[in-house]
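The structure appears right after this line, and notes come after that.
Keep in mind it's a predicted model, so treat the numbers as computed, not measured. A note on names: the letters A, B, ... follow the listed sequences, proteins ahead of strands, and every chain is numbered from 1.
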Number of protein chains: 2
Amino acid sequence: MQFSPDVLNEKCGSRAVLSHVTSRWGALVLIALMDGTLRFSALRRRVGGVSERMLTQSLRLLEDDGLIERIAHQVVPPHVDYRLTPIGTDVARNVLALARCIESNLDTITRFQNARASA
Amino acid sequence: MQFSPDVLNEKCGSRAVLSHVTSRWGALVLIALMDGTLRFSALRRRVGGVSERMLTQSLRLLEDDGLIERIAHQVVPPHVDYRLTPIGTDVARNVLALARCIESNLDTITRFQNARASA
DNA sequence: TCTCATACTTACAAAAATGTGGGTACTTAC
DNA sequence: GTAAGTACCCACATTTTTGTAAGTATGAGA
């Protein structure tokens, strides 16, 4: 492959991965897993507002991209652990940095929005 | 404010900003603007596959969050420039880093997907 | 015994995102 | 004179995403 991937190019495969990583719940799952291995129910409690359905779906997509690993213990009641793969950790670090950046600027952003709304 | 923003918290305002920044076209617009000031039509050509409608909408959202600045020259035919604000630059840097991270791992990810599909 | 927790799946419905095609008012280039 | 470019807006239709509620098999605790 002599051309390097470019997300601004419509046909580039990186677009699909980016969409999984930046999806509403996908991004939050990656951030939550930065704390370490978590089981399904713990993840659900950690990521505020996610439904079981969406959590499952987001986990599958990230798993298919090789960003997270699913470890199912063959016991009943079920016990399934999720953790970041090496690449997933790399990606999640960047997602977390983005989130932290937004969090730390939130105050300014909110003030800007209010000033603009009342103008 | 004694509590620091946390994106994992359902009620946190950072969620909304994150959703704009990580939206399908919002992220790509921020990345494109890292090159410097661009006018609407140039932006549209740069961000592959975006429609005028979605580009306009994404720009408005980012403008309302104070991440980009819109400069309309009062001429006809219209000439409108867009550029990152200081906070926008900060955020865009992180979005770009994330994109670059995915781009550089794309090869591995794609191979993983193929291996998994044929298994 | 009755309830809750576990990690899901499925069907259905509602909501949100996105695309398409049209119109605008004017200018420059051919 | 004709076509194309500029930076949009609007209505409509379609697609995608998301939520809700129910069901599953089993074990632990009250």
Side-chain angles (χ1 to χ4, degrees), chain A residues 7-12 15-30 32-33 36-65 68-83, chain B residues 7-12 15-30 32-33 36-65 68-83:
Chain A
V7 90
L8 291 180
N9 181 338
E10 192 179 358
K11 314 281 184 185
C12 185
R15 282 267 181 105
V17 180
L18 185 69
S19 80
H20 301 157
V21 167
T22 61
S23 70
R24 180 168 182 192
W25 304 115
L28 301 180
V29 164
L30 290 174
L33 286 177
T37 302
L38 288 176
R39 57 192 295 188
F40 186 85
S41 54
L43 211 35
R44 176 150 151 66
R45 280 186 293 266
R46 194 80 218 289
V47 179
V50 70
S51 65
E52 295 193 348
R53 187 186 185 282
M54 291 315 296
L55 180 55
T56 304
Q57 198 173 107
S58 305
L59 287 168
R60 292 279 171 279
L61 286 172
L62 296 173
E63 197 194 347
D64 290 344
D65 288 342
I68 64 177
E69 191 181 357
R70 185 185 119 108
I71 304 132
H73 302 103
Q74 290 305 327
V75 292
V76 66
H79 181 148
V80 181
D81 286 321
Y82 291 92
R83 69 168 150 182
Chain B
V7 91
L8 291 180
N9 182 338
E10 192 179 357
K11 314 280 184 185
C12 184
R15 282 267 181 107
V17 180
L18 185 69
S19 80
H20 301 157
V21 167
T22 61
S23 70
R24 180 166 180 194
W25 304 114
L28 301 181
V29 164
L30 290 174
L33 286 177
T37 302
L38 286 176
R39 57 192 296 186
F40 186 85
S41 52
L43 211 36
R44 176 151 150 68
R45 281 186 292 264
R46 193 83 218 288
V47 179
V50 71
S51 66
E52 294 194 348
R53 188 185 186 284
M54 291 316 294
L55 181 55
T56 303
Q57 196 174 108
S58 304
L59 287 168
R60 292 280 170 279
L61 250 24
L62 296 173
E63 197 193 346
D64 290 345
D65 288 343
I68 64 177
E69 192 182 356
R70 186 186 120 108
I71 303 132
H73 301 104
Q74 290 305 326
V75 293
V76 66
H79 182 150
V80 182
D81 286 320
Y82 290 93
R83 69 169 149 181

Take the protein atom CG of B:L59 and the nucleotide atom P of D:dC8, then report the distance between them rounded to whole Å. 8 Å
What integer distance in Å separates A:Q74:CD from D:dG27:C1'? 16 Å
Determine: side-chain N/O of A:R39 to OP1/OP2 of C:dA7, distance under 4.0 Å, yes or no. yes
Rounded to whole Å, how long is the line connecting atom CD of B:E52 with atom P of C:dT24? 16 Å
Whole angstrom value for the distance that separates C1' of C:dA16 from CH2 of B:W25: 16 Å
Side-chain N or O of B:S51 less than 4.0 angstrom from OP1 or OP2 on C:dT18? no
Taking only side-chain N and O atoms of A:R44, does any of them lie within less than 4.0 angstrom of OP1 or OP2 on C:dA5? no
Given D:dG19, D:dA7, D:dT26, the nucleotide with the shortest approach to the side chain of B:H79: D:dA7
Are more than 12 heavy atoms, taken from residues, nucleotides or ligands other than B:R83, located less than 6.0 Å from that residue's CZ atom? no
Closest to side chain of B:R53, choosing from D:dC8, D:dG5, D:dA11: D:dA11
The side chain of B:F40 lies closest to which of these nucleotides: D:dC8, C:dT6, C:dG19? D:dC8
Looking only at heavy atoms, which two atoms of B:A32 and B:L38 are closest? And how far apart? O-CD1, 3.8 Å
Just so I know, are the side chains of A:T56 and A:F40 near enough to count as touching, which here means a heavy-atom distance under 4.5 Å? yes
Whole-Å distance between D:dG27 P and A:H73 NE2? 18 Å
Once you round it to whole Å, what is the distance between P of C:dA15 and CE of A:M54? 16 Å
Does the side chain of A:R60 get closer than 4.0 angstrom to OP1 or OP2 of C:dC8 through an N or O atom? yes
Does a side-chain N or O from B:S41 land closer than 4.0 Å to OP1 or OP2 of D:dA7, or not? yes
Looking at A:R24, does any N or O in its side chain come under 4.0 Å of the phosphate oxygens OP1/OP2 on D:dG19? yes
Classify the ring geometry of B:H73 against B:H79: parallel below 30°, tilted from 30° to 60°, perpendicular beyond 60°. perpendicular
Side-chain N or O of A:R70 versus OP1/OP2 of C:dC8: is the shortest distance under 4.0 Å? yes
Watson-Crick/G-U partner (both atom distances under 3.5 Å) of C:dC30: D:dG1
Is there a side-chain polar atom (N or O) of B:R45 under 4.0 Å from OP1 or OP2 of D:dT6? yes
Give the minimum heavy-atom separation between A:L33 and A:L43, together with the two atoms involved. CD2-CD1, 3.9 Å
For atom CD1 of A:I68 and atom P of C:dA7, their distance in whole Å: 14 Å
Nearest whole Å is fine: how far is D:dT6 C1' from B:L55 CG? 13 Å
